[in-house]
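Presented below is the structure to which this report refers.
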Amino acid sequence: MLRRIGVVSAIVLVAVGLAVPAAQAKTHMLVGLQDDAMTLRGNPTFTFNTLKQLRVQIVRINLNWPDVAKRRPVHAQDPADEAYDWTLYDRAIRYAAQNGMQVLLTILFVPSWANGGKAKNVPPTNYTDLRNFAYAAATRYSGKYIPNTDDFDEVYLPAVKYWLAWNEPSNPNWLQQVSGGRFVSPRSYARICTAIWQGVHFTNFSGEKVACGATGPRGNNQPRSSRPSLSPLSFMRLTRAAGLRNLDAYAHHPYYGKPSETPTSKPGGSAVTLGNINTLIAQVNKLWGRKRIWITEYAWQTPPDRLFGVSYARQAAYVRQSFAIARANPRIDMMVWFILRDDTNIPVGWQSGFLTAVGKRKPAFNTFARLPH
(Lines give C-alpha, C1' and ligand atoms only; values in the text may rest on other atoms or scores of the structure.)
Protein backbone atom coordinates (compact mmCIF):
# COMPACT_ATOMS: atom_id res chain seq x y z
CA MET A 1 0.00 0.00 0.00
CA LEU A 2 1.34 3.39 -0.94
CA ARG A 3 1.45 5.92 1.86
CA ARG A 4 1.70 9.64 2.39
CA ILE A 5 1.16 10.78 -1.16
CA GLY A 6 -0.27 14.28 -1.33
CA VAL A 7 -3.58 14.46 -3.13
CA VAL A 8 -3.40 18.12 -3.92
CA SER A 9 -1.42 19.04 -6.95
CA ALA A 10 0.97 21.12 -5.22
CA ILE A 11 43.29 31.20 -23.62
CA VAL A 12 41.09 31.11 -26.72
CA LEU A 13 41.32 28.45 -29.45
CA VAL A 14 39.64 28.81 -32.79
CA ALA A 15 36.49 26.73 -32.75
CA VAL A 16 36.64 25.23 -36.21
CA GLY A 17 33.24 24.43 -37.59
CA LEU A 18 31.46 26.12 -34.69
CA ALA A 19 29.55 28.82 -36.52
CA VAL A 20 25.86 27.96 -36.76
CA PRO A 21 23.12 30.20 -38.14
CA ALA A 22 21.07 31.67 -35.31
CA ALA A 23 17.85 30.32 -36.80
CA GLN A 24 19.05 26.76 -36.18
CA ALA A 25 19.74 27.19 -32.49
CA LYS A 26 17.28 26.01 -29.84
CA THR A 27 15.93 28.48 -27.33
CA HIS A 28 16.83 26.19 -24.45
CA MET A 29 19.00 23.22 -23.54
CA LEU A 30 19.54 21.93 -20.02
CA VAL A 31 23.17 22.28 -18.94
CA GLY A 32 24.13 19.67 -16.38
CA LEU A 33 26.87 18.00 -14.41
CA GLN A 34 27.45 14.64 -12.73
CA ASP A 35 29.80 13.80 -9.88
CA ASP A 36 28.32 11.22 -7.52
CA ALA A 37 31.33 11.32 -5.20
CA MET A 38 30.64 15.00 -4.58
CA THR A 39 26.83 15.16 -4.68
CA LEU A 40 26.14 12.00 -2.69
CA ARG A 41 29.14 11.55 -0.41
CA GLY A 42 30.90 14.91 -0.39
CA ASN A 43 30.14 18.03 1.61
CA PRO A 44 26.71 18.97 0.23
CA THR A 45 26.95 22.64 1.17
CA PHE A 46 30.26 23.06 -0.66
CA THR A 47 29.21 20.87 -3.59
CA PHE A 48 25.88 22.51 -4.35
CA ASN A 49 27.20 26.02 -3.73
CA THR A 50 29.89 25.26 -6.31
CA LEU A 51 27.34 23.83 -8.74
CA LYS A 52 25.29 27.00 -8.29
CA GLN A 53 28.36 29.12 -9.11
CA LEU A 54 28.70 27.02 -12.27
CA ARG A 55 25.03 27.76 -13.08
CA VAL A 56 24.23 24.06 -13.34
CA GLN A 57 20.60 23.48 -14.28
CA ILE A 58 20.36 19.71 -13.87
CA VAL A 59 22.38 17.26 -11.76
CA ARG A 60 22.71 13.67 -12.88
CA ILE A 61 22.92 11.12 -10.05
CA ASN A 62 23.19 7.34 -10.22
CA LEU A 63 20.39 5.81 -8.14
CA ASN A 64 22.01 2.50 -7.24
CA TRP A 65 19.35 -0.12 -6.58
CA PRO A 66 21.65 -2.29 -4.40
CA ASP A 67 22.49 0.69 -2.17
CA VAL A 68 18.84 1.53 -1.56
CA ALA A 69 17.54 -2.04 -1.20
CA LYS A 70 20.13 -4.23 0.50
CA ARG A 71 17.43 -6.83 1.14
CA ARG A 72 14.20 -7.78 -0.59
CA PRO A 73 11.35 -5.42 0.32
CA VAL A 74 8.03 -6.82 1.45
CA HIS A 75 6.02 -4.11 -0.31
CA ALA A 76 8.34 -3.32 -3.20
CA GLN A 77 6.23 -0.53 -4.73
CA ASP A 78 6.01 1.33 -1.42
CA PRO A 79 8.96 3.72 -0.95
CA ALA A 80 8.36 3.54 2.81
CA ASP A 81 9.13 -0.19 2.96
CA GLU A 82 11.64 -0.87 5.74
CA ALA A 83 14.08 -2.50 3.30
CA TYR A 84 14.63 0.82 1.52
CA ASP A 85 17.19 3.42 2.60
CA TRP A 86 16.90 6.59 0.53
CA THR A 87 18.92 8.82 2.88
CA LEU A 88 21.76 9.85 0.56
CA TYR A 89 19.40 10.52 -2.34
CA ASP A 90 16.86 12.48 -0.31
CA ARG A 91 19.66 14.77 0.88
CA ALA A 92 21.14 15.36 -2.56
CA ILE A 93 17.75 15.96 -4.18
CA ARG A 94 16.76 18.41 -1.46
CA TYR A 95 20.03 20.33 -1.86
CA ALA A 96 19.55 20.44 -5.63
CA ALA A 97 16.04 21.85 -5.25
CA GLN A 98 17.15 24.42 -2.69
CA ASN A 99 19.72 25.65 -5.22
CA GLY A 100 17.28 25.77 -8.14
CA MET A 101 18.48 22.64 -9.91
CA GLN A 102 16.58 19.74 -11.39
CA VAL A 103 17.77 16.15 -11.01
CA LEU A 104 18.23 13.30 -13.48
CA LEU A 105 18.22 9.92 -11.72
CA THR A 106 19.91 6.96 -13.39
CA ILE A 107 18.56 3.66 -12.09
CA LEU A 108 21.54 1.32 -12.06
CA PHE A 109 22.81 -2.11 -10.97
CA VAL A 110 21.10 -5.10 -9.36
CA PRO A 111 21.12 -6.23 -5.72
CA SER A 112 22.31 -9.78 -5.14
CA TRP A 113 18.91 -10.85 -3.80
CA ALA A 114 17.38 -10.00 -7.20
CA ASN A 115 19.77 -11.93 -9.47
CA GLY A 116 20.60 -15.11 -7.58
CA GLY A 117 23.61 -13.77 -5.72
CA LYS A 118 25.50 -12.72 -8.85
CA ALA A 119 27.51 -9.56 -9.55
CA LYS A 120 25.69 -6.24 -9.66
CA ASN A 121 26.07 -5.96 -13.46
CA VAL A 122 24.09 -9.18 -14.00
CA PRO A 123 20.43 -8.50 -14.84
CA PRO A 124 17.61 -9.42 -12.46
CA THR A 125 16.07 -12.87 -12.48
CA ASN A 126 12.60 -11.31 -12.47
CA TYR A 127 12.26 -7.92 -14.16
CA THR A 128 9.13 -7.19 -12.12
CA ASP A 129 11.49 -6.53 -9.20
CA LEU A 130 13.16 -3.76 -11.21
CA ARG A 131 9.83 -2.33 -12.35
CA ASN A 132 8.64 -2.22 -8.73
CA PHE A 133 11.79 -0.42 -7.62
CA ALA A 134 11.38 2.16 -10.39
CA TYR A 135 7.76 2.63 -9.30
CA ALA A 136 8.82 3.17 -5.68
CA ALA A 137 11.54 5.65 -6.69
CA ALA A 138 9.25 7.62 -9.00
CA THR A 139 6.60 7.72 -6.26
CA ARG A 140 9.03 8.97 -3.64
CA TYR A 141 10.33 11.67 -5.96
CA SER A 142 7.00 12.59 -7.51
CA GLY A 143 6.82 15.94 -5.74
CA LYS A 144 3.73 14.67 -3.91
CA TYR A 145 5.34 12.43 -1.30
CA ILE A 146 6.03 13.21 2.36
CA PRO A 147 8.51 10.78 3.93
CA ASN A 148 8.00 9.32 7.39
CA THR A 149 10.05 11.38 9.84
CA ASP A 150 10.41 11.65 13.60
CA ASP A 151 9.44 15.31 13.63
CA PHE A 152 6.16 17.01 12.86
CA ASP A 153 7.24 18.86 9.73
CA GLU A 154 5.39 17.41 6.79
CA VAL A 155 7.47 18.53 3.82
CA TYR A 156 7.12 17.11 0.34
CA LEU A 157 10.26 15.75 -1.23
CA PRO A 158 11.21 17.61 -4.44
CA ALA A 159 10.07 16.20 -7.76
CA VAL A 160 12.35 14.36 -10.15
CA LYS A 161 11.00 14.36 -13.68
CA TYR A 162 14.03 13.10 -15.61
CA TRP A 163 14.97 9.43 -15.45
CA LEU A 164 17.60 7.31 -17.21
CA ALA A 165 17.61 3.54 -17.53
CA TRP A 166 21.10 2.28 -16.71
CA ASN A 167 24.53 3.53 -17.70
CA GLU A 168 26.39 2.34 -20.81
CA PRO A 169 24.66 -1.05 -21.06
CA SER A 170 26.89 -1.98 -24.01
CA ASN A 171 29.92 -1.85 -21.69
CA PRO A 172 30.80 -4.88 -19.51
CA ASN A 173 31.55 -2.65 -16.52
CA TRP A 174 27.87 -1.83 -16.27
CA LEU A 175 25.99 -4.80 -17.74
CA GLN A 176 26.89 -8.41 -18.48
CA GLN A 177 27.59 -8.58 -22.21
CA VAL A 178 27.90 -12.23 -23.19
CA SER A 179 26.79 -15.72 -22.27
CA GLY A 180 27.84 -18.86 -24.10
CA GLY A 181 29.98 -16.83 -26.47
CA ARG A 182 27.05 -14.68 -27.64
CA PHE A 183 25.98 -11.14 -26.84
CA VAL A 184 23.02 -11.16 -24.45
CA SER A 185 23.18 -7.52 -23.35
CA PRO A 186 20.74 -6.16 -26.00
CA ARG A 187 18.00 -8.53 -24.88
CA SER A 188 18.72 -7.85 -21.21
CA TYR A 189 18.71 -4.12 -21.78
CA ALA A 190 15.48 -4.16 -23.77
CA ARG A 191 13.84 -5.71 -20.71
CA ILE A 192 15.67 -3.41 -18.26
CA CYS A 193 14.60 -0.21 -19.97
CA THR A 194 11.06 -1.45 -20.47
CA ALA A 195 10.80 -2.27 -16.76
CA ILE A 196 12.12 1.14 -15.70
CA TRP A 197 9.94 2.99 -18.23
CA GLN A 198 6.87 1.13 -17.03
CA GLY A 199 7.69 1.56 -13.35
CA VAL A 200 8.11 5.32 -13.68
CA HIS A 201 5.11 5.89 -15.93
CA PHE A 202 2.74 3.51 -14.11
CA THR A 203 2.74 5.99 -11.21
CA ASN A 204 0.68 8.27 -13.49
CA PHE A 205 2.39 11.43 -12.31
CA SER A 206 2.60 14.02 -15.06
CA GLY A 207 5.72 15.22 -16.80
CA GLU A 208 7.94 12.20 -16.19
CA LYS A 209 10.45 11.37 -18.93
CA VAL A 210 12.50 8.19 -19.19
CA ALA A 211 15.50 7.94 -21.50
CA CYS A 212 16.93 4.67 -22.74
CA GLY A 213 20.34 4.03 -24.25
CA ALA A 214 23.06 5.90 -22.37
CA THR A 215 25.32 4.17 -24.88
CA GLY A 216 29.07 4.59 -24.84
CA PRO A 217 30.83 5.99 -27.90
CA ARG A 218 32.46 2.78 -29.16
CA GLY A 219 32.61 -1.00 -28.89
CA ASN A 220 34.48 -3.94 -30.45
CA ASN A 221 31.49 -6.14 -31.42
CA GLN A 222 33.57 -9.21 -30.53
CA PRO A 223 31.73 -11.50 -28.09
CA ARG A 224 34.74 -13.79 -27.58
CA SER A 225 37.26 -11.03 -26.90
CA SER A 226 38.76 -10.48 -23.45
CA ARG A 227 36.50 -7.46 -22.95
CA PRO A 228 33.47 -7.75 -25.24
CA SER A 229 31.43 -4.63 -25.94
CA LEU A 230 29.00 -3.40 -28.58
CA SER A 231 29.29 -0.28 -30.72
CA PRO A 232 26.37 2.11 -30.18
CA LEU A 233 24.67 1.67 -33.57
CA SER A 234 24.87 -2.13 -33.34
CA PHE A 235 23.56 -2.07 -29.79
CA MET A 236 20.64 0.14 -30.79
CA ARG A 237 19.62 -2.16 -33.64
CA LEU A 238 19.84 -5.25 -31.46
CA THR A 239 17.86 -3.78 -28.57
CA ARG A 240 15.10 -2.72 -30.96
CA ALA A 241 15.03 -6.23 -32.41
CA ALA A 242 14.90 -7.60 -28.86
CA GLY A 243 11.74 -5.66 -28.12
CA LEU A 244 12.68 -2.20 -26.86
CA ARG A 245 9.70 -0.06 -27.84
CA ASN A 246 8.98 2.48 -25.12
CA LEU A 247 11.28 5.43 -24.46
CA ASP A 248 10.79 9.17 -24.15
CA ALA A 249 14.33 10.14 -25.17
CA TYR A 250 17.54 8.48 -26.30
CA ALA A 251 20.71 9.10 -24.28
CA HIS A 252 24.29 8.85 -25.50
CA HIS A 253 27.84 9.56 -24.27
CA PRO A 254 29.77 10.92 -27.29
CA TYR A 255 33.28 10.96 -25.80
CA TYR A 256 36.33 11.64 -27.95
CA GLY A 257 38.74 8.78 -28.67
CA LYS A 258 42.15 10.45 -28.53
CA PRO A 259 43.49 13.86 -27.46
CA SER A 260 44.36 14.89 -31.02
CA GLU A 261 40.64 15.04 -31.84
CA THR A 262 38.44 18.10 -31.45
CA PRO A 263 34.70 18.29 -30.72
CA THR A 264 34.04 18.36 -34.47
CA SER A 265 36.28 15.39 -35.37
CA LYS A 266 34.50 12.52 -37.09
CA PRO A 267 35.75 9.20 -35.75
CA GLY A 268 36.58 6.22 -37.87
CA GLY A 269 34.82 2.90 -37.75
CA SER A 270 31.63 2.45 -35.78
CA ALA A 271 32.21 5.03 -33.05
CA VAL A 272 29.73 7.86 -32.41
CA THR A 273 31.20 11.03 -30.91
CA LEU A 274 29.95 14.60 -30.90
CA GLY A 275 31.45 15.08 -34.35
CA ASN A 276 29.09 12.57 -35.96
CA ILE A 277 26.17 12.68 -33.51
CA ASN A 278 23.73 13.07 -36.39
CA THR A 279 24.55 9.49 -37.40
CA LEU A 280 23.11 8.35 -34.09
CA ILE A 281 20.12 10.67 -34.44
CA ALA A 282 19.35 9.19 -37.85
CA GLN A 283 19.43 5.73 -36.28
CA VAL A 284 17.05 6.84 -33.53
CA ASN A 285 14.68 8.18 -36.20
CA LYS A 286 14.71 4.83 -37.98
CA LEU A 287 14.25 2.67 -34.90
CA TRP A 288 12.04 4.71 -32.57
CA GLY A 289 10.95 7.86 -34.39
CA ARG A 290 11.96 11.43 -33.63
CA LYS A 291 12.74 11.00 -29.94
CA ARG A 292 14.58 13.73 -28.11
CA ILE A 293 18.33 13.28 -27.53
CA TRP A 294 20.03 13.60 -24.16
CA ILE A 295 23.82 13.74 -23.84
CA THR A 296 24.02 12.39 -20.32
CA GLU A 297 27.81 12.21 -20.07
CA TYR A 298 30.58 14.14 -21.82
CA ALA A 299 34.00 15.55 -20.89
CA TRP A 300 37.57 16.37 -21.86
CA GLN A 301 40.31 15.27 -19.49
CA THR A 302 43.43 17.25 -18.56
CA PRO A 303 46.82 16.39 -17.04
CA PRO A 304 47.76 14.51 -14.95
CA ASP A 305 45.92 12.02 -17.20
CA ARG A 306 48.60 10.80 -19.63
CA LEU A 307 46.46 9.06 -22.23
CA PHE A 308 43.54 11.41 -22.91
CA GLY A 309 44.55 14.68 -21.27
CA VAL A 310 44.52 17.98 -23.14
CA SER A 311 45.84 21.29 -21.82
CA TYR A 312 43.76 23.37 -19.44
CA ALA A 313 43.32 26.00 -22.15
CA ARG A 314 42.18 23.44 -24.68
CA GLN A 315 39.70 21.92 -22.22
CA ALA A 316 38.17 25.35 -21.64
CA ALA A 317 37.89 26.01 -25.38
CA TYR A 318 36.34 22.58 -25.95
CA VAL A 319 33.78 23.18 -23.21
CA ARG A 320 32.60 26.26 -25.07
CA GLN A 321 32.68 24.58 -28.46
CA SER A 322 31.04 21.31 -27.41
CA PHE A 323 28.08 22.91 -25.69
CA ALA A 324 27.59 25.27 -28.63
CA ILE A 325 27.48 22.29 -31.01
CA ALA A 326 24.90 20.55 -28.85
CA ARG A 327 22.81 23.70 -28.42
CA ALA A 328 22.77 24.24 -32.17
CA ASN A 329 21.40 20.75 -32.78
CA PRO A 330 17.60 20.97 -32.71
CA ARG A 331 17.18 17.47 -31.26
CA ILE A 332 19.47 17.73 -28.22
CA ASP A 333 17.68 18.81 -25.05
CA MET A 334 20.33 18.16 -22.41
CA MET A 335 24.11 17.95 -22.04
CA VAL A 336 25.77 16.74 -18.82
CA TRP A 337 29.46 17.21 -18.02
CA PHE A 338 31.40 14.59 -16.08
CA ILE A 339 32.85 15.48 -13.41
CA LEU A 340 33.17 18.41 -10.96
CA ARG A 341 36.48 17.57 -9.23
CA ASP A 342 39.34 15.39 -10.50
CA ASP A 343 39.70 11.94 -9.02
CA THR A 344 42.67 11.47 -6.71
CA ASN A 345 43.28 7.97 -8.11
CA ILE A 346 45.14 8.97 -11.26
CA PRO A 347 45.64 5.52 -12.89
CA VAL A 348 41.93 4.62 -12.89
CA GLY A 349 40.10 7.86 -12.10
CA TRP A 350 38.92 10.73 -14.29
CA GLN A 351 40.70 14.08 -14.61
CA SER A 352 37.94 15.99 -16.41
CA GLY A 353 36.84 18.12 -13.46
CA PHE A 354 36.55 21.88 -13.36
CA LEU A 355 38.45 21.60 -10.07
CA THR A 356 41.75 19.79 -9.63
CA ALA A 357 41.98 17.01 -7.07
CA VAL A 358 43.08 19.58 -4.47
CA GLY A 359 40.27 21.96 -5.35
CA LYS A 360 42.00 24.51 -7.57
CA ARG A 361 39.85 25.93 -10.35
CA LYS A 362 40.82 25.21 -13.92
CA PRO A 363 40.10 27.80 -16.67
CA ALA A 364 37.16 25.66 -17.79
CA PHE A 365 35.35 26.49 -14.53
CA ASN A 366 34.63 30.05 -15.62
CA THR A 367 33.99 28.98 -19.19
CA PHE A 368 31.28 26.56 -18.07
CA ALA A 369 29.76 29.13 -15.71
CA ARG A 370 29.40 31.58 -18.62
CA LEU A 371 27.69 29.16 -21.02
CA PRO A 372 24.41 30.44 -22.44
CA HIS A 373 21.31 29.24 -20.62
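Note that the numbering runs from 1 along the sequence shown for the chain.
At a threshold of 4.5 Å between non-hydrogen side-chain atoms, the residues Asp67 and Leu88 do not count as touching. In this structure, the side chains of Tyr250 and Trp288 come closer than 4.5 Å at one or more pairs of heavy atoms. In this structure the side chain of Leu63 reaches within 4.5 angstrom of the side chain of Trp163, judged on heavy atoms. Between Pro44 and Arg91, some side-chain heavy-atom pair lies under the 4.5 Å cut-off. With contacts defined as side-chain heavy-atom distances shorter than 4.5 Å, the pair Pro73/Asp78 does not qualify. Annotation: side chain of Trp113 is in contact with side chain of Asp129 (closest heavy-atom distance under 4.5 Å). The shortest side-chain heavy-atom distance between Phe338 and Glu297 falls under the 4.5 Å cut-off. Side-chain contact between Val284 and Ile293 is present, with at least one heavy-atom pair separated by less than 4.5 Å.
What you find for Thr367 and Ala316 is that their closest heavy atoms are CG2-O, 3.3 Å. Summarising the geometry of Lys161 relative to Ser142, their closest heavy-atom pair is NZ-O, 3.8 Å, with the distance given to 0.1 Å. In terms of heavy atoms, Cys193 sits closest to Ala211 at SG-O, 4.3 Å. Considering all non-hydrogen atoms of both residues, Pro124 and Val110 come closest at CD-CG2, 3.8 Å. The shortest heavy-atom contact between Gly243 and Thr194 is O-OG1, 4.5 Å. Shortest non-hydrogen contact noted between Phe235 and Ser185 is CE1-OG, 3.8 Å.
Using modelled atom types, no side-chain atom of Thr39 and backbone atom of Ala92 make a donor-acceptor pair closer than 3.5 Å. Side-chain atoms of Asn276 come within 3.5 Å of backbone N or O of Thr273 as a donor-acceptor pair. Between the Asn221 side chain and the Ser270 main chain, no donor and acceptor come within less than 3.5 Å of each other. At distances below 3.5 Å, at least one donor-acceptor pair connects side-chain atoms of Glu261 with backbone N or O atoms of Gly257. A donor-acceptor contact shorter than 3.5 Å links the side chain of His252 to the backbone of Val272. In this structure a side-chain-to-backbone donor-acceptor pair under 3.5 Å is present from Asp343 to Asn345. In this structure a side-chain-to-backbone donor-acceptor pair under 3.5 Å is present from Tyr89 to Asn64. A distance-only check finds no donor-acceptor pair linking the side chain of Asn278 to the backbone of Ile281 [under 3.5 Å].
Asn171 and Arg218 share no donor-acceptor pair across their side chains, judged by distance under 3.5 Å alone. When only modelled atom types and interatomic distance are considered, His28 and Asp333 share no side-chain donor-acceptor pair under 3.5 Å. Asn285 and Arg331 are linked by a side-chain donor-acceptor pair at a separation below 3.5 angstrom, with hydrogens and angles left out of the test. For the residue pair Gln77 and Asn132, a side-chain donor N or O sits within less than 3.5 Å of a side-chain acceptor on the partner. Judged purely by distance below 3.5 Å, without hydrogens or angles, the side chains of Arg314 and Tyr318 pair a donor atom with an acceptor atom. Side-chain contact check for Thr215 and His253: no donor-acceptor pair (N or O, by modelled atom type) lies under 3.5 Å. Under 3.5 Å, the side chains of Ser352 and Gln301 contain no donor-acceptor pair of N or O atoms. Ser231 and Ser234 share a donor-acceptor pair across their side chains, judged by distance under 3.5 Å alone.
Residues Trp86 and Phe133 place their aromatic rings such that the two centres sit under 6.0 Å apart. Ring-centre distance between Tyr189 and Trp197: not below the 6.0 Å cut-off. The distance between the ring centers of Tyr135 and Phe202 does not fall below 6.0 angstrom. Between Trp300 and Tyr256, the ring centre distance stays below 6.0 Å.
The neighbour count for Arg240 CZ, taken as heavy atoms of other residues, nucleotides or ligands under 6.0 Å away, is above 12. Within 6.0 Å of the CZ atom in Arg72, the count of heavy atoms belonging to other residues, nucleotides or ligands exceeds 12. More than 12 heavy atoms of other residues, nucleotides or ligands sit less than 6.0 Å from atom CZ of Arg245. Other residues, nucleotides and ligands place no more than 12 heavy atoms under 6.0 Å from the CZ atom of Arg182. By the 6.0 Å contact criterion, NZ on Lys291 is enclosed, its count of non-hydrogen atoms from other residues, nucleotides or ligands being greater than 12.
Checking each of Val160, Val200, Thr203 against Tyr141 for a side-chain contact (heavy atoms from CB on, under 4.5 Å) leaves exactly one that passes, namely Val160. Screening Asn167, Leu130, Ile192, Val210 for a side-chain contact (heavy atoms from CB on, under 4.5 Å) involving Ile107 leaves a single residue, Leu130.
Relative ring orientation between Tyr298 and Trp337 is described as perpendicular, the plane-to-plane angle rising above 60° on a 0-90° scale split at 30° and 60°.
Atom OG1 of Thr45 sits about 9.0 Å away from atom CG of Asn99, to the nearest 0.5 Å. If you take OG1 on Thr87 and CG on Leu40, they are separated by 11.5 Å, rounding to the nearest 0.5 Å. Atom CG of Leu238 sits about 11.5 Å away from atom CG of Leu244, to the nearest 0.5 Å.
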- Message: As a quick check of understanding, evaluate side chain to side chain contact (heavy atoms under 4.5 Å, CB included) for Arg341 and Thr356, giving each step before the final call.
- Response: CA-CA 6 Å; Arg341 187 169 63 190; Thr356 68; over 6 Å; no
- Query: After noting the C-alpha distance and the side-chain angles of Gln53 and Arg361, does the key distance pass the side chain to side chain donor-acceptor pair (under 3.5 Å) rule?
  - Reply: CA-CA 12 Å; Gln53 293 173 41; Arg361 292 184 180 185; 2.4 Å; yes
- Task: For side chain to side chain contact (heavy atoms under 4.5 Å, CB included), just list the numbers for Asp81 and Val74, CA-CA rounded to whole Å, side-chain angles, deciding distance to a tenth of an Å, and then say yes or no.
- Result: CA-CA 7 Å; Asp81 189 279; Val74 176; 3.7 Å; yes
- Step by step, work out the side chain to side chain contact (heavy atoms under 4.5 Å, CB included) result for His373 and Gln57. CA-CA 9 Å; His373 285 63; Gln57 295 172 310; 3.1 Å; yes
- Query: Would Arg237 and Gln283 count as a side chain to side chain contact (heavy atoms under 4.5 Å, CB included) if you check the C-alpha gap in whole Å, the side-chain angles of each, and the deciding distance to 0.1 Å?
  - Reply: CA-CA 8 Å; Arg237 286 192 297 269; Gln283 179 93 308; 3.3 Å; yes
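For the pair Lys120 and Phe109, the cation-pi test (distance below 6.0 Å, angle within 45°) is passed.
A salt bridge does not link Arg60 with Asp36: none of the charged nitrogens is closer than 4.0 Å to a carboxylate oxygen.
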